[in-house]
Amino acid sequence: MPELPEVESVVRSLRDGSPSLVGLRVRSVDMVWPGVFSPLLPDLVPSHLEGCRFAAIARLGKYLVFALDCPGRGSLFLIVHLRMTGRLFLVPESAAIERHTRLALMLDHGLALRFDDPRKFGRVWLADDPETVTGGMGPDSLTVSLEEFAARLAGHRRHLKPLLLDQYFVAGIGNIYADESLFRAGLHPLTNSAGLKPDEALRLHTAIRSVLEEAVAAGGANIDGVFKAGSFIVNVYGRAGAPCRVCGTPISKIRVGQRGTHFCPHCQLPGNMEA
DNA sequence: CACTCTACCTGTGCGC
DNA sequence: TGCGCACAGGTAGAGT
């Protein structure tokens with residue numbers, strides 16, 4: 001389940017790895033599953049992409065944004081969201097298309113950029129301006145300032161868990177890091193954002209930043225037997241019934257806004273939650 | 001504005 | 001062993 005740290009890890013490996021994607025030119029496009037471009041008309045994709053050269057790679061929330069230089073048309077952006085199970089990686093062009101391969105871009109030097117996604121949730125866009133795809137998202141959760149975060153919190157009257165998951169509030173947090181951040185902040189997931197005291201808002205901001213920074217440094221999360229992008233060890237996500245690593249109380253699991261939500265009932269006191 | 005539900009998908013793991 | 005089914009979750013969109 002790629003969230004901000006996992007997406008950042010993909011950006012870094014494609015940009016800073018050897019070989020780097022930056023500088024490579026698209027020679028041809030294999031539209032293995034055209035639906036990946038939905039709702040764009042897939043017929044138009046190859047003619048837009050062929051001849052374009054990868055110039056830069058960035059991350060906006062959970063989106064990967066590839067800036068391309070295209071002969072005769074200037075800049076173009078290829079934008080990818082991995083959603084639940086998408087993976088993006090460089091392979092030798094001769095590598096076989098696999099069962100879950102959805103898109104392959106044939107590049108210079110016998111390389112190919114592959115997008116594999118068993119669940120078909122992941123999506124790819126082409127745009128002259130990435131804002132047409134990512135526009136409206138909140139500030140990046142890795143870099144948002146305390147002042148802006150606190151002001152945004154006060155502007156809503158919602159439970160903290162669904163608020164953190166809302167990409168229009170802050171961008172980049174998913175179910176794993178929402179639960180981990182609330183645990184580190186010592187805040188119950190049903191705490192109402194509008195009633196947060198200044199020190200609680202500070203704790204939450206600090207927790208989000210430190211959790212995400214540690215997870216980025218670790219190359220993403222390592223969730224026992226489920227998900228293994230990197231080596232970040234979770235405290236609550238997926239640990240229902242297991243002892244809290246701080247106090248030993250069994251971790252609780254509830255549903256909040258249709259989402260599995262994990263927390264320590266001792267370390268994360270109900271506070272100002274309603275009901 | 002806040003919420004809930006549904007749809008989109010398929011691999012996994014459970015109970016029987 | 002095998003079957004059926006709940007479950008996992010990011011996001012959009014519709015409905016309450």
Side-chain angles (χ1 to χ4, degrees), chain A residues 1-8 10 32-40 42 59-65 79-88 98-103 115-125 127 130-138 140-141 151-182 189-196 212 215 220-229 234 236-241 251 253-263 272-275:
Chain A
M1 304 133 216
E3 303 179 25
L4 185 153
E6 290 77 26
V7 176
E8 180 67 24
V10 173
V32 183
W33 181 61
V36 78
F37 279 98
S38 171
L40 184 79
R59 179 188 59 73
L60 286 176
K62 301 176 197 171
Y63 290 86
L64 292 127
V65 180
I79 299 154
V80 179
H81 198 305
L82 302 173
R83 290 276 170 75
M84 303 295 306
T85 51
R87 292 192 307 133
L88 201 57
E98 292 175 25
R99 172 152 58 138
H100 300 309
T101 301
R102 307 302 176 200
L103 177 69
F115 179 66
D116 288 14
D117 182 19
R119 300 275 278 278
K120 293 185 173 178
F121 272 25
R123 285 294 180 269
V124 182
W125 297 262
E131 279 282 302
T132 60
V133 176
T134 64
M137 273 199 309
D140 197 88
S141 46
R152 285 178 160 263
L153 271 180
H156 292 275
R157 183 175 298 274
R158 296 174 64 183
H159 292 152
L160 289 180
K161 174 67 187 279
L163 190 58
L164 293 183
L165 290 178
D166 185 344
Q167 303 300 297
Y168 292 88
F169 176 66
V170 288
I173 299 176
N175 209 35
I176 297 169
Y177 294 104
D179 284 0
E180 294 301 313
S181 297
L182 288 168
L190 294 178
T191 306
N192 194 296
S193 60
L196 272 198
L212 293 179
N222 180 355
I223 294 164
D224 209 22
V226 180
F227 183 70
K228 45 198 179 298
V234 296
V236 289
Y237 181 84
R239 296 191 68 243
I251 299 300
K253 180 175 183 182
I254 58 175
R255 287 194 86 76
V256 179
Q258 315 299 112
R259 320 299 293 284
T261 297
H262 316 73
F263 67 100
N272 67 343
M273 61 180 274
E274 313 153 353

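Chain A is the first sequence line, chain B the second, and so forth, proteins listed ahead of strands; every chain is numbered from 1. Note that the structure is a prediction, hence the values are computed from the model and not measured.
- OP1 or OP2 of B:dA2 sits under 4.0 Å from a side-chain N or O of A:His156.
- Residue pairs meeting the salt bridge (Lys or Arg N to Asp or Glu O under 4.0 Å) criterion with at least one partner in residues 161-178 of chain A, sequence neighbours excluded, are A:Arg158-A:Asp166, A:Lys161-A:Asp179.
- Between A:Arg255 atom CZ and B:dT6 atom P the separation is 12 Å, expressed in whole Å.
- For A:Tyr237, there are no side-chain hydrogen bond (donor to acceptor under 3.5 Å, both in side chains) partners at least two apart in sequence or on another chain.
- Summarising the geometry, the separation between CZ on A:Phe169 and P on B:dC1 is reported as 14 Å, rounded to the nearest angstrom.
- One interatomic measurement links the two molecules: NZ of A:Lys161 to P of B:dA2, which rounds to 18 Å at whole-angstrom precision.
- When each of B:dG11, B:dC9, B:dC3 is scored by its nearest atom to the side-chain atoms of A:His100, the top-ranked nucleotide is B:dG11.
- Remark: A:Ala127 pairs with A:Ile79, A:Thr132, A:Val133 by the side-chain contact (heavy atoms from CB on, under 4.5 Å) rule, at least two apart or across chains.
- Looking at the side chain of A:Trp33, the nearest of the listed nucleotides B:dC9, C:dA8, B:dA2 is B:dC9.
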Below 3.5 Å between N/O atoms, which protein atoms pair up with nucleotides 12-14 of chain C? Just atom names and distances, please.
none

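- Here A:Tyr63 pairs with A:His81, A:Trp125 under the ring pair (Phe, Tyr, Trp, His ring centres under 6.0 Å) rule; sequence neighbours left out.
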Query raised in the report: Please walk me through it: do A:Trp33 and A:Leu103 pass side chain to side chain contact (heavy atoms under 4.5 Å, CB included)?
Result: CA-CA 6 Å; A:Trp33 181 61; A:Leu103 177 69; over 6 Å; no

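- Side chain of A:Arg158, nearest nucleotide from B:dC9, B:dC3, B:dG11: B:dC3.
- Rounded to whole Å, the distance from CZ on A:Arg99 to C1' on B:dT10 is 9 Å.
- Qualifying side-chain contact (heavy atoms from CB on, under 4.5 Å) partners for A:Thr85, counting only residues two or more places apart in sequence or in other chains: A:Asp117, A:Pro118, A:Arg119.
- Within 4.0 Å (heavy atoms only), A:Gly257 reaches no atom of the nucleic acid at all.
- C:dT16 atom P lies 16 Å from atom CD of A:Gln258, rounded to whole Å.
- Scanning for salt bridge (Lys or Arg N to Asp or Glu O under 4.0 Å) contacts around A:Glu131 gives an empty result, with sequence neighbours left out.
- For the helix from B:dA2-C:dT16 to B:dC16-C:dG2, the angle separating the two terminal helix axes comes to 50°, with each axis derived from five pairs and the value rounded to 10°.
- In this entry the distance linking CG of A:Asp117 with P of B:dC8 reads 16 Å, nearest Å.
- In this structure, CD1 of A:Ile254 is placed 16 Å from P of C:dC7, rounded to the nearest angstrom.
- Whole-Å rounding puts the A:Leu82 CG to C:dT11 C1' distance at 14 Å.
- Side-chain proximity of A:Lys120 to the nucleotides B:dT10, B:dC3, C:dA8 is greatest for B:dT10.
- In terms of the side-chain contact (heavy atoms from CB on, under 4.5 Å) criterion, residue partners of A:Arg152 (sequence neighbours excluded) are, by chain and number, A:Pro139, A:Glu148, A:Phe169.
- Ion pairing of A:Arg59 with A:Asp140 is present here, as a side-chain N (NZ or NE/NH1/NH2) and a carboxylate O approach within less than 4.0 Å.
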